[in-house]
Amino acid sequence: MSEQYDVVIVGAGNAAFCAALSARESGARVLVLERAPEDVSGGNSRFTAGLMRVAYRGVDDLKRVIPDLSADEIANSDFGVYTEEQFLDDLARVTENRCDPDLAELLVKRSLDTVAWMNAKGVRFTAAWGRQAFNIGGRFKFWGGLTVEAVGGGPGLVQNLTVAAKKHGIDVWYHARAMALLHDDDGIQGVRVKRDGRTIEVAAKAVVLAAGGFQANPEWRTRYLGPGWELAKVRGTRFNTGDGIRMALDAGAAAAGNWSGCHAVAWERNAPEFGDLVVGDQYQKHSYPWGIYLNAEGKRFLDEGADFRNYTYAKYGRVILQQPGQFAWQVFDAKVKSQLRDEYRIKQVTKVVANTLEELVAKLDDVNAAVALEEIKAYNAAVRSDVPFNPNIKDGRCTTGLAINKSNWANTLDTPPFEAYAVTCGITFSFGGLRINTDAQVMSSDGEPIAGLFAAGELVGGIFWFNYPGGSGLTNGAVFGRIAGASAAKAAISAG
Ligand SMILES: Cc1cc2nc3c(=O)[nH]c(=O)nc-3n(C[C@H](O)[C@H](O)[C@H](O)COP(=O)(O)OP(=O)(O)OC[C@H]3O[C@@H](n4cnc5c(N)ncnc54)[C@H](O)[C@@H]3O)c2cc1C
């Protein structure tokens, strides 16, 4: 073996760096392996807005994570509370009570403390005034349990984690793809790595897998998520092709979780096959609660106002993929234009504008215009206009009598100019993965921990099913990354 470390971490995203920092803090000599070249490194974590879901009981808890919250900011904001019970309820509700109870409880109970720990390591956070709060009478009211974001979004998060790792003496190899785990009857002994095109073996007393899901692998998508999934666009990195999962399964690991499920959203119809770091997450189109969807047949096909966006966006990508031609249009009128998120104002959008509904439907590419016009008129007639519109709460302003009603925020489409945006399905990450225990040890298919093998982040199965509460992915990677790093260091040090 050409190199020897206590702990090798596979991946260089949020979960990996949290694991590396935690293992180092516990006294281990640590190597991070990143498959991507440095300029496109950082995994999906780098594509994010850096939003992290944490349980907090008020401003004092938030100040543990955002120590530089000013008195003015506090006075001008209504942060509310997001209790551990609420976070657990949200997880249980959106996963239809499938989430592993022990892992879910750890995720929730360690969320605040872990993000505060990241802050102590040098990752800066702020409050998500831009995306998660509405200005009501000059005061920002937060909604949806998602209050904390990394300064600089995903790129800032990865940069700060990388700086922290290097400062703490952690080695990082870029363009170094883990190919296989070296293992024998005593457990994991190291990793076979292709570094700059050369295959070498690195000895390790423990390995943490944090190499992401399989969403960037069209063959696995089709195999596990089902036919048609090869047609989805990948929102993030092209390097998460299931390597970590495959290596662990080859070493006897157990599969867990929702292998046919994934996080997938409305995404610009003409976006490239994989994410683009310049555009980041801005191909997403998340303002559908203020408008309606139309498919190729000119029909609405889901309840745009079923819940706050944070609790529906991750499952609606799948519904769009199921539509004829795998696309849909989001339609808005001028009344809600100022409420559309910043991602609607980038230049890489497929957008049409019109002064009449007749003109609008004629401009919607690949849509049955006559049916679309009737659909919009029927929708307008069904809106309960007597209920006031309030974006800050589930306002109950609904439609009645339609085949698919809209439950909240139902505004009539009657004020020109009208705008429509074409979207398809963008896959974020796969839900199925490896089974771990509460020490983040990877479990074998015989039900025992595999000695020396740990995992964290996207490639862990069992936590997210069917759907996902926004901002839980980074928190999940951080909480279990930190646990995995500490457990791996302990295992390495006790191995001598
Ligand atoms: C556009 C977008 C926006 C998002 N926004 C948010 C958000 O605001 N908040 C939130 O919580 N979540 C968000 N998510 C989800 C979030 O990105 C993931 O849940 C989280 O980043 C996963 O972290 P991870 O460390 O497990 O994986 P990643 O960050 O993807 O890291 C995996 C790493 O493994 C590396 N790798 C893969 N194979 C190998 C190999 N064989 N050898 C070595 N390295 C390998 C990859 O190159 C990568 O560095 C978003 C995702 C996308 C795509």
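In listed order, ligands and their atoms are each counted from 1.
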Discussion item. Distance under 4.0 Å, heavy atoms only, partner ligand 1: which residues pass?
Written reply: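 The 4.0 Å shell around ligand 1 contains Val10, Gly11, Ala12, Gly13, Asn14, Ala15, Leu33, Glu34, Arg35, Gly42, Gly43, Asn44, Ser45, Phe47, Thr48, Ala49, Gly50, Leu51, Ala176, Arg177, Ala178, Ala210, Ala211, Gly212, Arg235, Gly236, Phe239, Asn240, Asp243, Asp281, Thr428, Phe429, Gly457, Glu458, Tyr468, Gly471, Ser472, Gly473, Leu474.
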
Item to complete: Any pair with a residue in residues 199-223 that passes ring-ring contact (aromatic ring centres under 6.0 Å, His included), sequence neighbours left out, goes on the list, sorted by first then second residue, please.
Response: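 Output for this query lists Phe214-Trp220, Phe214-Tyr224, Phe214-Trp259, Trp220-Tyr224.
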
Worksheet item: Does Glu273 pair with Arg238 as a salt bridge, N-O distance under 4.0 Å?
Response: no

Practice prompt. Using a strict cut-off of less than 4.0 Å between a Lys/Arg side-chain nitrogen and an Asp/Glu carboxylate oxygen, indicate whether Asp90 and Arg53 qualify as a salt bridge.
Written response: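 Here Asp90 pairs with Arg53 in a salt bridge, since their nearest N and O are under 4.0 Å apart.
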
Worksheet entry | Phe327 six-ring face occupied by Arg269 cation (under 6.0 Å, within 45°) |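 Output yes; distance and angle both within limits.
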
Discussion item. Just checking Phe308 against Trp409, ring centres under 6.0 Å apart?
Written reply: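 When the ring centroids of Phe308 and Trp409 are compared, they turn out to be within the sub-6.0 Å range.
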
Discussion item. Between Phe454 and Phe480 (judged by ring centroids, cut-off 6.0 Å), do the two rings come close enough to count as a pair?
Written reply: no

